[in-house]
Amino acid sequence: MSHKTERGVFELRQGRALFITDSGTTRGAVVASVECLGEESLAHLRSYGESLRLVLTAQRARVLGIATSGSGGDVTISLDGAESADGILELATGSALGGWASGSRTAPAIAARPESAALALTRLGHLLPAVVTVSVDRTSPALVDAIESGMMLEVSVEEVEDTVARSQVEVIRVAEAPVPLAGAESARFVFFREGGGFLEHVAVLIEPPESWPDPVPVRLHSACLTGDLFGSLRCDCGDQLRGSLEHFKASGGGVLVYLHQEGRGIGLGNKIRAYMLQDEGLDTVDADGVLGFGADERHFGPAVEILRQLGVRRVELLTNNPEKVSAVEEGGIEVVERIPIVGGLNPHNLPYVRAKADRSGHWLMDMLSQTVQGD
């Protein structure tokens with residue numbers, strides 16, 4: 001990964017602005033993350049120009065009613081230099097239309113490349129996908145002074161795009177060690193890092209590879225702190241994790257690819273934000289949309305590459321998700337059989353399971369036919 005890109009994410013997470021340039025032009029954008037925006041950093045942005053803009057994803061723009069369902073691409077909204085940091089955060093996350101209902105604002109515009117690159121950095125850092133920007137010429141004396149003194153980092157659009165592209169295709173095998181598990185004392189953990197450097201994954205090998213059945217039982221499991229570790233009743237993730245390991249033990253071996261993709265790729269903080277919106281009546285897909293995310297932000301290419309590096313070519317895939325089946329097959333690994341993997345149904349996870357079936361097409365009708373426990 002570009003060290004500048006890595007530092008750029010760090011700067012945004014610290015509430016500091018950075019300058020993103022586009023090759024072939026002296027124009028660029030000074031940007032700051034909405035999630036980490038304070039009054040001081042907002043004033044800093046305004047020192048480069050009063051024409052502040054809020055950059056949002058197409059999903060968020062549609063929620064606000066300022067883009068149609070068929071429109072794509074990131075959009076910018078003029079902030080007119082009047083909003084507080086808290087007001088901008090509310091506009092970027094709230095389900096209400098706020099000031100847009102009055103029609104007092106100018107129409108949104110398509111985001112420029114530096115602005116979209118800034119949104120990509122927020123995604124890499126699992127921040128809310130919203131930034132405040134101001135267009136600045138690279139020759140501006142104030143900007144030149146800030147960059148040359150080290151007070152502001154300069155990152156190019158090309159560096160960001162290269163990092164994003166590599167993070168989806170490159171996987172590096174870093175380390176491995178035996179980690180005895182209850183009922184699987186020969187288990188081994190293999191640690192991988194994506195080429196971009198931000199996401200790290202673990203393959204849990206049950207039994208030595210030479211003893212695995214053919215096809216190899218495999219589960220691609222996205223990390224869920226609340227469900228996997230604490231047994232949250234809001235989802236079925238913990239049940240799926242433990243059920244997969246039991247299936248591997250009973251089958252004589254298998255591979256659990258544990259992916260750093262909390263909340264379908266939006267990160268733990270944003271997942272908690274989505275939980276609050278769900279408590280207001282939104283389902284999981286709509287809650288993610290309000291925050292500016294798509295229905296599923298995950299990419300399974302790294303998981304397929306992990307399987308390749310482990311020498312897995314034919315799998316018995318434990319999943320209810322058609323996207324995982326497609327990703328594995330498109331990656332050149334044969335899915336000989338799909339095994340459903342379901343947990344118990346309760347009043348807390350029922351809306352979540354229904355949304356996965358109705359909105360995302362997951363094969364969960366057998367689970368939904370269960371009696372709801374504790375209802």
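The figures that follow rest on heavy atoms only: side chains count, while hydrogens, waters and symmetry mates do not. The chain is numbered in sequence order, starting from 1.
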[X], [Y]: one ILVMFWY side-chain cluster at the under-4.5 Å cut-off?
X: Ile306; Y: Val204; value: no
X: Leu220; Y: Ile266; value: no
X: Ile341; Y: Leu368; value: no
X: Leu307; Y: Leu241; value: no
X: Val30; Y: Leu56; value: yes

Less than 4.0 Å between a side-chain N and a carboxylate O, is that true for [Y] and [X]?
X: Glu323; Y: Arg298; answer: no
X: Glu200; Y: Arg193; answer: yes
X: Asp296; Y: Lys324; answer: no

Over all heavy atoms of both residues, which pair between [X] and [Y] is shortest? Give the atoms and the distance, please.
X: Ala32; Y: Leu45; value: CB-CD1, 3.8 Å
X: Val285; Y: Ala295; value: CG1-CB, 3.9 Å
X: Thr93; Y: Val290; value: O-CG1, 3.2 Å
X: Val34; Y: Ala92; value: CG1-CB, 4.0 Å
X: Thr133; Y: Ala29; value: CB-CB, 4.3 Å
X: His44; Y: Ala17; value: ND1-CB, 4.3 Å

Check whether [X] reaches the backbone of [Y] with its side chain - one donor and one acceptor, N or O, closer than 3.5 Å.
X: Arg16; Y: Met152; value: no
X: Arg242; Y: Asp228; value: yes
X: Glu262; Y: Lys271; value: no
X: Trp363; Y: Pro322; value: no
X: Gln261; Y: His299; value: yes
X: Ser360; Y: Ala357; value: no
X: Thr25; Y: Arg27; value: yes

Distance in Å, [X] [atom1] paired with [Y] [atom2], rounded so as to fall on 0.5 Å steps:
X: Leu54; Y: Glu115; atom1: CG; atom2: CD; result: 10.0 Å
X: Leu364; Y: Asp358; atom1: CG; atom2: CG; result: 9.5 Å
X: Leu18; Y: Lys4; atom1: CG; atom2: NZ; result: 11.0 Å
X: Glu148; Y: Glu154; atom1: CD; atom2: CD; result: 10.0 Å
X: Ser326; Y: Asn321; atom1: OG; atom2: CG; result: 8.5 Å
X: Thr284; Y: Arg264; atom1: OG1; atom2: CZ; result: 3.5 Å

With a 4.5 Å limit on heavy-atom distance, are the side chains of [X] and [Y] in contact?
X: Ser186; Y: Pro208; value: yes
X: Arg219; Y: Ile339; value: no
X: Glu194; Y: Glu305; value: no
X: Arg113; Y: Glu158; value: yes
X: Leu42; Y: Arg46; value: yes
X: Val257; Y: Phe192; value: no
X: Ile206; Y: Leu181; value: yes
X: Ile333; Y: Val335; value: no

Can you check side-chain contact (heavy atoms from CB on, under 4.5 Å) on His126 and His260, steps first, answer last? CA-CA 11 Å; His126 282 160; His260 186 170; 4.1 Å; yes

Take atom CD of Glu40 as the centre, draw a 6.0 Å sphere, and report whether it contains more than 12 heavy atoms from other residues, nucleotides or ligands. no

Got a sec: does the CD of Glu39 have more than 12 other heavy atoms crowding it under 6.0 Å?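 Yes, enclosed.
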
Supply the members, apart from Val55, of the Ile/Leu/Val/Met/Phe/Trp/Tyr cluster built from side-chain contacts under 4.5 Å; use none for a lone residue.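 Reading the cluster by chain and number, Val55 sits alongside Leu119, Val131.
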
For the pair Leu37 and Leu89, evaluate side-chain contact (heavy atoms from CB on, under 4.5 Å) and give the outcome as yes or no after the intermediate values. CA-CA 8 Å; Leu37 192 67; Leu89 179 61; over 6 Å; no

Side-chain donor-acceptor pairs under 3.5 Å in residues 247-256, sequence neighbours left out?
unit_1 : atom_1 : unit_2 : atom_2 : d
His247 : NE2    : Ser251 : OG     : 3.4
His247 : NE2    : Glu316 : OE1    : 2.8
Lys249 : NZ     : Ala182 : O      : 2.7
Lys249 : NZ     : Glu246 : OE2    : 3.3
Ser251 : OG     : His247 : O      : 2.8

I would like to know whether Tyr275 and Thr226 meet side-chain contact (heavy atoms from CB on, under 4.5 Å); could you show each step before the answer? CA-CA 11 Å; Tyr275 278 173; Thr226 50; 3.5 Å; yes

Under the side chain to side chain contact (heavy atoms under 4.5 Å, CB included) test against Leu124, which residue among Val164, Leu12, Leu199 passes?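 Of the listed options, the one satisfying the test is Val164.
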
Tell me yes or no: between the side chains of Asp137 and Thr139, is some donor less than 3.5 Å from an acceptor?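 A donor-acceptor contact under 3.5 Å links the two side chains.
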
Residues forming a side-chain hydrogen bond (donor to acceptor under 3.5 Å, both in side chains) with Gln370, sequence neighbours excluded: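 By the side-chain hydrogen bond (donor to acceptor under 3.5 Å, both in side chains) rule, Gln370 matches no residue at all.
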
Decide yes or no on side-chain contact (heavy atoms from CB on, under 4.5 Å) for Gln309 and Val190, but give the supporting numbers first. CA-CA 11 Å; Gln309 293 194 27; Val190 186; over 6 Å; no

Selection residues 335-357 - residue pairs positive for side chain to side chain donor-acceptor pair (under 3.5 Å), sequence neighbours left out: Asp236-Lys356

Enumerate the residue pairs fulfilling ring-ring contact (aromatic ring centres under 6.0 Å, His included) with a member in residues 220-244, sequence neighbours excluded, ordered by first and then second residue. His221-Tyr258

Using the test ring-ring contact (aromatic ring centres under 6.0 Å, His included), find all partners of His201 that sit at least two apart in sequence or belong to another chain. none

